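For reference, the structure discussed in these notes is given below.
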Amino acid sequence: MTKRLFISLDFPPENGGIQNYVYGLVSNLNSLDTFVLTSNRIGEEKFRDFDAKQTFKTYRIGMTNKVSFIKQILQAVVLFFYVVSLIRKHKIEEIHFGNVMPIGIIGPIIKRLLRIRYYPYIHGFDFLESKNNALKYKLVQFCLRHANKIICNSNYTKNKLMESDLEERNITVIHPGIHKKKAATINAQSLISKFMLEDRKVIITVGRLVKRKGHDLVIKSLREIIKITPNVKYVICGDGPEEENLKLLVKDLDLEDYVVFTGSISREDLETIYSIADLFIMLNRELTETGDVEGYGIVFLEAGMYKLPVIGGNNGGVPDAVLHGKTGYLIDPSSQEEIVQTVSSFFMDQDLAKQFGNNGYRWVTENCLWNHRVTLVESLEG
């Protein structure tokens, strides 16, 4: 068996897309041959119990990207010597970098000195954002060009790398996966009462309240949707910097009776909301001025596990997460007319909604679980 060391600044129990991606892989690989090196930035009291429950060995050291770029480079020097010690201790054969910067810059050096294969992971925004800093971009290119293989989370990210003259044969796409849903006792009535969802057609969006997720686009379309489906209710699950702006928008449009903000929500309550919803929507958009884009959209797979038809923005990595015309629809998020028509099509045709929901469930359970993704890690060459 191949011994692998995963190095990532982002790792549970912190929440986030990269955290979940790296953990999904390492927790489904052979635990005796898988090791993790990550940051201790959240404090031992927060990660001690989590680490103790894992079957793989986790090391944590003082590294963070929340400092100046110069300090990040200095941290990389310390990281290099620590990684060399782990390579020798565990006879590591492969290193996987969950973040390309700043930790990935030690990859080419380790490869050359110790003959160790290394694989940097690119998630989309990390690469696009690096283009705003000439030095950082050169370092990212240095890391990627010497990698045995570059791992991307979507074909969108892959295409962005190829536009920067990185060769397709050196790039592998490994999409984020999902854990198989465990049987759970769901007490839906309490949340139905809490959020006043009785006899409502429930639309949900799950994710951080940030501009690229497009919550505002759904809200602005609700008036027209209500004319067709008067008993609709839009449930927004999550929190984030756009929360106040979104609540003001709801108030300005006089939609308080039609929109619910759950705020930060437990996993158990989130699963309950998925189970009582009728439709999942996330109108992701690409913010070209900042390079912010939805790298994949794991929430579309979560919705599929609950047999929900889905609607997503036709940009970024989301076309990899939604099978257009089969599990849901990919639409222009800037077109209110298209939003209204697509949402209404599912509410007016229950057979269509059920068919798409069933298609989504089959696709996710047969192709998108983490055990499907790790087979690609195990077959990496280069």
Side-chain angles (χ1 to χ4, degrees), residues 5-11 14 16-19 21-22 37-41 60-84 86-87 94-114 116-154 156-173 210-212 286-295 316-317 382:
L5 173 64
F6 282 77
I7 308 174
S8 182
L9 289 171
D10 301 310
F11 197 72
E14 289 184 298
I18 296 177
Q19 289 90 332
Y21 184 94
V22 177
L37 175 59
T38 186
S39 172
N40 63 8
R41 64 191 178 193
R60 293 182 183 264
I61 63 173
M63 57 182 185
T64 179
N65 54 2
K66 306 299 183 181
V67 295
S68 70
F69 187 59
I70 296 300
K71 288 184 178 179
Q72 290 180 44
I73 298 301
L74 293 175
Q75 287 180 4
V77 175
V78 176
L79 175 66
F80 169 80
F81 289 103
Y82 197 92
V83 170
V84 169
L86 291 181
I87 289 172
E94 293 180 0
I95 297 179
H96 296 248
F97 291 97
N99 314 86
V100 66
M101 286 299 293
I103 58 178
I105 61 175
I106 71 172
I109 303 170
I110 288 177
K111 178 183 179 180
R112 183 176 180 84
L113 294 180
L114 300 179
I116 298 292
R117 300 186 296 275
Y118 83 92
Y119 306 93
Y121 288 65
I122 299 293
H123 307 276
F125 179 67
D126 47 356
F127 178 72
L128 296 174
E129 186 269 341
S130 73
K131 291 185 174 183
N132 297 325
N133 182 303
L135 175 58
K136 185 182 290 188
Y137 184 60
K138 287 181 179 179
L139 289 172
V140 169
Q141 288 281 357
F142 172 70
C143 172
L144 299 182
R145 292 188 186 282
H146 290 85
N148 290 80
K149 275 287 192 300
I150 304 164
I151 313 301
C152 293
N153 66 339
S154 68
Y156 169 83
T157 305
K158 175 183 175 180
N159 290 334
K160 289 298 180 183
L161 292 179
M162 290 170 60
E163 289 173 7
S164 296
D165 296 326
L166 290 161
E167 295 186 21
E168 183 175 10
R169 62 187 176 88
N170 293 330
I171 304 172
T172 295
V173 175
V210 294
K211 191 172 182 180
R212 79 164 187 271
E286 185 172 358
L287 305 177
T288 54
E289 63 275 13
T290 61
D292 199 5
V293 65
E294 195 68 28

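None of these values were measured; they are calculated from a predicted model.
Residues Phe6 and Phe97 form no side-chain contact, since every pair of their non-hydrogen atoms from C-beta on lies 4.5 Å or further apart. Residues Ile61 and Leu79 have side chains in contact (heavy-atom distance under 4.5 Å, counting atoms from C-beta outward). Counting only heavy atoms from C-beta outward, the side chains of Lys211 and Asp292 never approach each other to under 4.5 Å. Side-chain contact between Asn99 and Asp126 is absent, with no heavy-atom pair separated by less than 4.5 Å. Side-chain contact between Ile18 and Tyr121: absent, with no pair of heavy atoms (C-beta onward) separated by less than 4.5 Å. With a 4.5 Å cut-off on side-chain heavy atoms, Arg60 and Phe11 count as touching. Between Ile87 and Ile95, some side-chain heavy-atom pair lies under the 4.5 Å cut-off. Side-chain atoms of Ile109 and His146, non-hydrogen and from C-beta on, never get closer than 4.5 Å to each other.
The CG atom of Leu166 sits 9.0 Å away from the CD1 atom of Ile122 when rounded to the nearest 0.5 Å. Within the model, atoms CD1 of Ile150 and CZ of Arg169 stand 11.0 Å from one another, a figure rounded to the nearest 0.5 Å. Atom CG of Leu5 is separated from atom CG of Leu37 by 6.0 Å, given to the nearest 0.5 angstrom. Distance check, rounded to the nearest 0.5 Å: NZ of Lys131 to OH of Tyr137 gives 4.5 Å. Here the straight-line distance linking atom CE of Met162 with atom NZ of Lys158 works out to 6.0 Å at 0.5 Å rounding. The distance from the NZ atom of Lys111 to the OH atom of Tyr119 is 9.0 Å, given to the nearest 0.5 Å.
Closest heavy-atom contact between Leu139 and Ile73: CD1-CD1, 4.1 Å. Scanning both residues, Gly62 and Asn40, for their nearest heavy atoms gives CA-OD1, 3.3 Å. Taking each heavy atom of Ile105 and Phe142 in turn, the nearest pair found is O-CE2, 4.2 Å. In terms of heavy-atom proximity, Thr38 sits nearest to Ser8 at OG1-O, 2.7 Å. Taking every heavy atom of both residues into account, Ser164 and Gln141 meet most closely at CB-NE2, 3.7 Å. Taking both residues in full, the closest heavy atoms of Cys143 and Pro108 are given as CA-CG, 3.9 Å, listed atom of the first, atom of the second, then distance.
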**Item:** Evaluation steps, side-chain contact (heavy atoms from CB on, under 4.5 Å), between Arg41 and Asp10
**Value:** CA-CA 10 Å; Arg41 64 191 178 193; Asp10 301 310; 2.5 Å; yes
**Request:** Just do the side-chain contact (heavy atoms from CB on, under 4.5 Å) check on Val100 and Phe127 with the steps written out, would you?
**Result:** CA-CA 8 Å; Val100 66; Phe127 178 72; over 6 Å; no
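Under a 3.5 Å cut-off, the side chain of Thr172 and the backbone N or O of Ile151 do not form any donor-acceptor pair. With hydrogens and angles disregarded, a donor-acceptor distance shorter than 3.5 Å links the side chain of Asn148 to the backbone of Tyr118. Formation of a donor-acceptor pair under 3.5 Å by the Glu286 side chain with backbone atoms of Gly316 is not found in this model. A donor-acceptor pair under 3.5 Å is formed between the side chain of Ser39 and the backbone N or O of Met63.
For residues 132-144, every residue pair satisfying the salt bridge (Lys or Arg N to Asp or Glu O under 4.0 Å) rule, not counting sequence neighbours, is listed here: Glu129-Lys136.
Thr157 pairs by the side-chain hydrogen bond (donor to acceptor under 3.5 Å, both in side chains) definition with Asn153, Ser154, not counting sequence neighbours. In this structure His123 satisfies the side-chain hydrogen bond (donor to acceptor under 3.5 Å, both in side chains) test with no other residue, sequence neighbours excluded.
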